[in-house]
Amino acid sequence: MLRTVILAASRSSRIERLVETAPFSRDVVRRFVAGAQSADALRVTRELVGDGRAVTLDNLGEDTVTPAQATATRDEYVTLLGMLAEAGLTPAAEVSVKLSALGQSFDEQLAYDNARAICAAADAAGTTVTLDMEDHTTTDSTLDILTKLRKDFPSTGAVLQAYLRRTESDCRDLAVAGSRVRLCKGAYSEPESVAYQAAREVDKSYVRCLNILMSGDGYPMLATHDPRLIAIGEDRARWFDRGADRFEFQMLYGIRPEEQARLVGEGYTVRTYVPYGDDWYGYLMRRLAERPANLAFFARAVASRK
Ligand SMILES: Cc1cc2nc3c(=O)[nH]c(=O)nc-3n(C[C@H](O)[C@H](O)[C@H](O)COP(=O)(O)OP(=O)(O)OC[C@H]3O[C@@H](n4cnc5c(N)ncnc54)[C@H](O)[C@@H]3O)c2cc1C
């Protein structure tokens, strides 16, 4: 219920304006977002890589409605990749890209062309790209674009969402040699016709998908903060004899940093997903919807009015 309300708020421009201009927002945002500029992204990446983490950087931005916005996002990624290479932060750092920010909703070819330019820049920088997955109406289009991109850039990563009923089948298709697949629970509000609604069902689906990926030939990227799923991931890594170079854990910046450090200490590869940029509203609202404790954190910040 609370999740539905917050996800609805994430689509309200009135609430967006209210939150963006509120004095407390800066402190809340800082916990989950590296900062507004690529220099902030670089600073946080350097710190995390220094702590033994791998990183994936997300330039925040959704709901792109003009070709000019899409091209600006492409250029931002290309510039960022050049900066990462120059700073010696590749291949530890890669980038995560939302096709919606590259024009997918109004011109699929444009989104493909922009994504291709980013993949070429990543390749030149010695690193990779992962295509974030958005709501279920975009899944087929995103997987089609992924297939095309992989012809020239085979290391381009996909994201599959365990809450979708189709995902077990998608996992089977993508558990092939050279294929990088991030498995997450899924962050959007989806109808029952396409997605499991009960948390228990989503978790069971996650385990089935994890089993397919970990027993397959690809490179699984287990994106979750859930202690039970992380323990199952560790168990399957032992069972399928997957060392630190054959799969990774992924978590979001600002969430369970101690658990991220523990896993690094255990010798696992841990990649932190680091968002940066001005357009943080939708991202922050999805984080709040996921976990009441994040909402309490937000409420405390409101109360203290720092
Ligand atoms: C690297 C990464 C990339 C992602 N990319 C996408 C994407 O492309 N598309 C998409 O739809 N979604 C994406 N997501 C979001 C994902 O789908 C989930 O919405 C999000 O990760 C929350 O699910 P969870 O597996 O962490 O479990 P949850 O159900 O949120 O949490 C499970 C348990 O984890 C523990 N936990 C969670 N948060 C905390 C915390 N702050 N402190 C302490 N314990 C905590 C608690 O025990 C909690 O009960 C991504 C997530 C990650 C980590």
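As the structure lists them, so they are numbered: ligands from 1, and atoms in each ligand from 1. The figures that follow rest on heavy atoms only: side chains count, while hydrogens, waters and symmetry mates do not. We're numbering straight along the sequence, starting at 1.
With a 4.0 Å heavy-atom cut-off, ligand 1 is reached by no atom of E134. Within the 4.0 Å heavy-atom criterion, neither part of Y206 lies near ligand 1.
Shown here is E201, whose CD atom has more than 12 heavy atoms of other residues, nucleotides or ligands within 6.0 Å. Remark: R208 CZ is packed, more than 12 non-hydrogen atoms of other residues, nucleotides or ligands lying under 6.0 Å away.
Listed by number with element, the atoms of ligand 1 under 4.0 Å from a non-hydrogen atom of D132 are 8 (O). Every atom of ligand 1 is numbered from 1 in the order shown, and the set under 4.0 Å from a heavy atom of M251 is 53 (C). The contact set between ligand 1 and Y188, taken as ligand atoms under 4.0 Å from a residue heavy atom, comprises 11 (O). Listed by atom number, the atoms of ligand 1 under 4.0 Å from A223 heavy atoms are 1 (C), 2 (C), 52 (C), 53 (C). Every atom of ligand 1 with a heavy atom of R182 under 4.0 Å away is listed here by number and element: 3 (C), 4 (C), 5 (N), 8 (O). Residue I255 approaches ligand 1 through these ligand atoms, each under 4.0 Å from one of its heavy atoms: 38 (N), 39 (C), 40 (C), 41 (N). Near G186, the atoms of ligand 1 lying under 4.0 angstrom from a non-hydrogen atom of the residue are 11 (O), 16 (C), 17 (O), 19 (O). Close contacts of ligand 1 with T224, meaning ligand atoms under 4.0 Å from a residue heavy atom, involve 24 (P), 25 (O), 26 (O).
Backbone and side-chain nitrogen or oxygen atoms of V159 are examined, and none is located within less than 3.5 angstrom of a nitrogen or oxygen of ligand 1. On a distance-only criterion, C184 and ligand 1 share no N/O pair closer than 3.5 Å. Taking distance alone, with nitrogen or oxygen atoms compared against 3.5 Å, Y273 stays at or beyond that limit from ligand 1. For ligand 1, none of its N or O atoms has an N or O atom of R31 under 3.5 Å away. Remark: ligand 1 and P227 share no N or O pair separated by less than 3.5 Å (distance only, no angle test). The shortest N/O to N/O separation between Q250 and ligand 1 does not fall below 3.5 Å. Looking at ligand 1, you'll find an N or O of Q161 within less than 3.5 Å of one of its N or O atoms.
Judged by distance alone, the side chains of T167 and Q161 never bring a donor and an acceptor atom under 3.5 Å apart.
Note on D113 versus R74: no salt bridge recorded, every NZ/NE/NH1/NH2 to OD/OE distance being 4.0 Å or above. We find that E190 and K185 are not joined by a salt bridge, their nearest charged nitrogen and carboxylate oxygen being 4.0 Å or further apart. Salt bridge status for D140 with R166: present, with a side-chain N to carboxylate O gap under 4.0 Å. Using a 4.0 Å cut-off between charged side-chain N and carboxylate O, R172 and E168 make a salt bridge. Salt bridge D203/R200: absent, no basic N to carboxylate O contact under 4.0 Å.
Qualifying side chain to side chain contact (heavy atoms under 4.5 Å, CB included) partners for R165, counting only residues two or more places apart in sequence or in other chains: E192, Y196.
If you check each of D203, D226, T272 against atom 32 (C) of ligand 1, the one with the closest non-hydrogen atom is D226. The closest heavy-atom contact to atom 28 (P) of ligand 1, among the options H136, K185, H225, M221, comes from K185. Across the listed options M133, E259, R256, R228, M133 owns the non-hydrogen atom lying nearest to atom 8 (O) of ligand 1.
Under a 3.5 Å cut-off, the side chain of R116 and the backbone N or O of A111 do not form any donor-acceptor pair.
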Does the side-chain contact (heavy atoms from CB on, under 4.5 Å) test come out yes or no for F247 and R236, once each step is laid out? CA-CA 11 Å; F247 88 107; R236 299 307 187 268; over 6 Å; no
Could you go through the salt bridge (Lys or Arg N to Asp or Glu O under 4.0 Å) check for R182 and E248 one step at a time? CA-CA 9 Å; R182 173 194 302 160; E248 66 190 45; over 6 Å; no
